[in-house]
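Single-structure report; data block below.
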Amino acid sequence: MKDNSSDTRDTDTRHTDTRATTRKVLVVGATRGLGLAVVEEYVGRGAHVVATERSDGPSGLRTLAERHREAVEVERLDVTRPEQVAALRERLRGRTFDLLLVVAGISLAPQEAVGVDIATDDFTRMMETNVLGVMRTVEGLDGLVAADGTVAVMSSGQGSVANNTSGGFEVYRATKAALNQMVRSYAVRQAGGSRSILLLAPGWVRTHMGGSGATLEVSESIPPLVDTIEAQRGRAGLRFLDRHGDDVPW
Ligand SMILES: NC(=O)c1ccc[n+]([C@@H]2O[C@H](COP(=O)([O-])OP(=O)(O)OC[C@H]3O[C@@H](n4cnc5c(N)ncnc54)[C@H](OP(=O)(O)O)[C@@H]3O)[C@@H](O)[C@H]2O)c1
């Protein structure tokens, strides 16, 4: 899945202290791909991570949690199941996280044009997961985030309306644009608060979703993305940023 954000810079030298050694992090959608890489990156920096899967069974996350029993806890959450969001909130009640990052997302029938080929069920499932499910998760779990913590969502450069000059991936783009708009409304409701609210564009990355033709390895996307999340700590309000911390046009 192509990401329209800038892919030209390889390193970010502006941020100095992004080690995150004492952080408590909650990552939703972490069995594989970018979510798993975020968990691995935070564990490598010394953080404690609660990471979610939507079903049990072998996964990269399970393997990582076996290797780092003290640092990684695995929890269950399908973002399209509101009762599971409520149940996770209850299980985590009394704990405080520095960061909530919702990574979960899907891309079905990516090449099909809306109104021509897309099956209604595919359209509905993408909107339900990428928009409604993500927002229910954010709103359901944000009470677990410290008052000066970070609420972050994995968006995409393809969510940028301004940058859509090439077309394609029509429904996926629309889900991320809708997600961005929802997070803007959410941020308006949080006005005056101290939290950093981030929409993140990781670049076009070789994962199950990104495909083998993507321009970036996971290792080129996630370490700078985590640097960017950490560099935004304590900066209240909403930003739509690429992995290097540069603004993505809305
Ligand atoms: N790869 C890219 O180039 C790229 C670019 C821009 C943005 N993104 C965004 O980054 C995020 C991760 O993408 P990826 O490339 O890592 O994709 P991926 O390898 O397909 O991983 C998607 C993850 O989301 C989880 N997930 C899917 N539906 C879920 C649900 N209903 N509830 C909870 N978890 C669910 C999956 O869990 P299961 O294992 O259970 O399926 C999996 O852990 C997505 O939001 C995507 O839109 C990706």
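Atoms within a ligand are numbered from 1 in the order they appear, just like the ligands themselves. FYI, side chains are in, hydrogens and waters are out, and symmetry mates aren't considered; it's all heavy atoms of this structure.
Residue contacts with ligand 1 for L77 involve N, CA, C or O but no side-chain atom from C-beta outward (heavy atoms, distance under 4.0 Å). For I106, every heavy-atom contact with ligand 1 shorter than 4.0 Å involves the side chain, none the backbone. Under 4.0 Å from ligand 1, not a single heavy atom of R206 appears.
For CD of E83, the number of neighbouring non-hydrogen atoms (other residues, nucleotides, ligands) closer than 6.0 Å is greater than 12. Counting heavy-atom neighbours within 6.0 Å of M182 CE, excluding the residue itself, gives a total of 12 or less.
Sequence neighbours left out, the pairs with a member in residues 114-136 that pass side chain to side chain donor-acceptor pair (under 3.5 Å) are N130-T175.
Salt-bridge annotation for R62 and E66: absent, with no side-chain N of the basic residue lying under 4.0 Å from a carboxylate O of the acidic one. A salt bridge does not link R89 to E139: none of the charged nitrogens lies less than 4.0 Å from a carboxylate oxygen. Ion pairing between a basic and an acidic side chain is recognised when a charged N comes within 4.0 Å of a carboxylate O; R45 and E230 show no such pairing.
Shown here for V28 and T52, the closest heavy-atom pair between the two residues is CA-OG1, 3.2 Å.
Residues satisfying the salt bridge (charged side-chain N to carboxylate O under 4.0 Å, His left out) criterion with D56, sequence neighbours excluded, are R76.
Each of R95, E90, R91 was compared with R93 under the side chain to side chain contact (heavy atoms under 4.5 Å, CB included) criterion, and only E90 meets it.
Residue V103 approaches ligand 1 through these ligand atoms, each under 4.0 Å from one of its heavy atoms: 11 (C), 12 (C), 44 (C), 45 (O). Those atoms of ligand 1 that come under 4.0 Å of a heavy atom in H208, given as number and element, are 19 (O), 20 (O). Short contacts between ligand 1 and W204, defined as distances under 4.0 Å to a heavy atom of the residue, involve ligand atoms 3 (O). When each atom of ligand 1 is checked for a heavy atom of P202 under 4.0 Å away, the hits are 5 (C), 6 (C), 7 (C). Near M154, with a cut-off below 4.0 Å to any heavy atom, the atoms of ligand 1 are 9 (C), 10 (O), 11 (C), 45 (O). Of all the atoms in ligand 1, the ones that sit under 4.0 Å from a non-hydrogen atom of A104 are 24 (O), 26 (N), 33 (C), 34 (N), 35 (C), 45 (O). Listed by number with element, the atoms of ligand 1 under 4.0 angstrom from any heavy atom of G33 are 16 (O), 19 (O).
Using a 4.0 Å heavy-atom cutoff, G211 is absent from the residues neighbouring ligand 1. Ligand 1 lies nowhere less than 4.0 angstrom from a heavy atom belonging to E53. At least one heavy atom of G203 sits under 4.0 Å from some atom of ligand 1.
For the residues T137, T215, N130, T31, the heavy atom positioned nearest atom 36 (C) of ligand 1 is part of T31. Taking only non-hydrogen atoms, the option from A37, G29, G105 nearest to atom 27 (C) of ligand 1 is G105.
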Mind running side-chain contact (heavy atoms from CB on, under 4.5 Å) on V49 and V27 for me, showing each step along the way?
CA-CA 7 Å; V49 184; V27 182; 4.1 Å; yes
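Below 3.5 Å of separation, one finds no N or O of S156 facing any N or O of ligand 1. Residue-to-ligand polar distances keep S55 apart from ligand 1: every N/O pair is separated by 3.5 Å or more.
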